[in-house]
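All chains are named by letter (A, B, ...) in the order of the sequence lines, taking the proteins before the strands, and each is independently numbered beginning at 1.
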Number of protein chains: 2
Amino acid sequence: MFLSKFEHPIDSKGRVSLPGAFRAALGGEEHVFCWMSFDGPFLEGGGARFLEKLSASIEGFDLYDDARIAFAQAIFGAARQLSLDSTGRLGLPKDFSDHAAIDKTALFVGLGDRFQVWAPDAYAQREREARAFAAANKNKLQVAGAKP
Amino acid sequence: MFLSKFEHPIDSKGRVSLPGAFRAALGGEEHVFCWMSFDGPFLEGGGARFLEKLSASIEGFDLYDDARIAFAQAIFGAARQLSLDSTGRLGLPKDFSDHAAIDKTALFVGLGDRFQVWAPDAYAQREREARAFAAANKNKLQVAGAKP
DNA sequence: ATGGTTGATGGGATAACATGGGATAAGTTG
DNA sequence: CAACTTATCCCATGTTATCCCATCAACCAT
């Protein structure tokens, strides 16, 4: 699973290292899937398993359901399959770093089944909000399998 | 699966490159199926698998159900099987590019099981709507198999 | 304190993809 | 049946994404 956060520079070729722990979480895959989030100025990413999970959810809608098409466009239409070189770097598309306002360094944040990529300053603010939300809503963290 | 979006020019012979990633997603097929969408000014396309999925859905209606006939006319009646040359180009029928208001370049958008082809400007607008919808409805993306 | 391993950063080479063209075969029309 | 048109097929080339190699730094074990 994708854990922790790591900050890495982007080199002159637009490459950035995927954290070694994330490579381990990918389980040998040599690509990551990555896209500009529809939910804010950051990137979302994951391996084939997470894409399968998204695909299964989207395929729960009927073939021409407006929601299905919109989600497919916002996620699959925006996603890129980025190859990892032998040392675990990926080329970050310029429009991706623009969307997340990433300039010189990228912050990788593991979220378990997926990860996000942020500009470090933007994430600092977001992290404060997430911690405040978690503190206010900790009772919503249920035991797995419990009925809601 | 069909991922990402790619913009390609249409040459003087009316040919356009199918993105290399879409050729990979077709799994060796040397034709794509493509038709003017009944749902807006864009084209829909896919491989044999997607045609099978559509066929299975349409065959859920009775043989002379008006819905079945209408869907079959709107999709199968409009579809063309377009061959790919050795470098992955297809000839875009003029009525197809007219329907989608495609002038000089075509934008291919992968939606997982299928793809769409748009005029780039038209898709820019559509994409904003899709992202706004996805952001407003992200709670509808459920874990597959969960009860709604 | 030292050596080994792993992760990260520097660089360069290659092949896949995309774009240019032309030839041929099949279909249509007169 | 011949001429014309067009769809299909094939070849060549440039760009860049992808792949590969080398080196360095940090961490861990002895």
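Following rounding to the nearest Å, A/L84 (CG) and D/dC20 (C1') show an atom-to-atom distance of 14 Å. Rounded to an integer number of Å, the gap from B/L92 CG to D/dT6 C1' is 15 Å. Atoms CG (A/D11) and P (D/dT18) sit 14 Å apart, rounded to a whole Å. If you take CG of B/L90 and P of D/dC9, they are 13 Å apart, rounded to a whole angstrom. Atom pair A/F6:CZ and D/dA25:P shows a separation of 21 Å (rounding to whole Å applied). As rounded to whole Å, 13 Å separates atom P of C/dC17 from atom CZ of B/F22. When rounded to the nearest whole Å, the span between CZ of B/F108 and P of C/dC17 equals 15 Å. Note: NE2 (B/H31) to C1' (D/dT8) measures 9 Å, nearest angstrom.
Ring pair A/F108/A/F6: centre-to-centre distance not below 6.0 Å.
If you check the side chains of B/E129 and A/Q73, you find no donor sitting under 3.5 Å from an acceptor. Side-chain contact annotation: B/Q142 with A/S57, donor-acceptor N/O pair under 3.5 Å absent.
At a cut-off of 3.5 angstrom, the base of C/dG10 holds no donor-acceptor pair with the side chain of A/K13. At a cut-off of 3.5 angstrom, counting only N and O atoms as typed in the model, there is a donor on one side and an acceptor on the other between the side-chain of A/R15 and the base of C/dG11.
Remark: B/S17 is in phosphate contact with C/dT19, judged by side-chain N or O atoms under 4.0 Å from OP1 or OP2. For D/dC11, neither phosphate oxygen OP1 nor OP2 lies less than 4.0 angstrom from any side-chain nitrogen or oxygen of B/T87.
Looking at the side chain of A/S86, the nearest of the listed nucleotides C/dT9, D/dC20, C/dA18 is D/dC20. For B/D85, counting side-chain heavy atoms from C-beta on, the closest listed nucleotide (C/dA18, D/dC9, D/dC21) is D/dC9. The side chain of B/S83 sits closest to D/dC9 out of D/dC9, C/dA18, C/dG11.
Using a distance-only test at 3.5 Å, with no hydrogens or angles considered, no donor-acceptor pair links the side chain of B/S17 to the main chain of B/P19.
Here A/G20 lies in heavy-atom contact (under 4.0 Å) with sugar-phosphate atoms only. B/L82 comes within 4.0 angstrom of no nucleic acid atom, judged by non-hydrogen atoms across all strands. Residue contacts shown for A/R23 are absent, as no nucleic acid heavy atom lies under 4.0 Å away. The residue A/L18 sits close only to the backbone: its heavy atoms come under 4.0 Å of sugar-phosphate atoms, none of a base.
Remark: B/R114 qualifies as a cation-pi partner of A/Y64 under the 6.0 Å distance and 45° angle criteria applied to the six-membered ring.
Taking the nucleotide of DNA chain D with the nearest heavy atom to each of B/G91 and A/Q81, the more 5' of the two is matched to B/G91.
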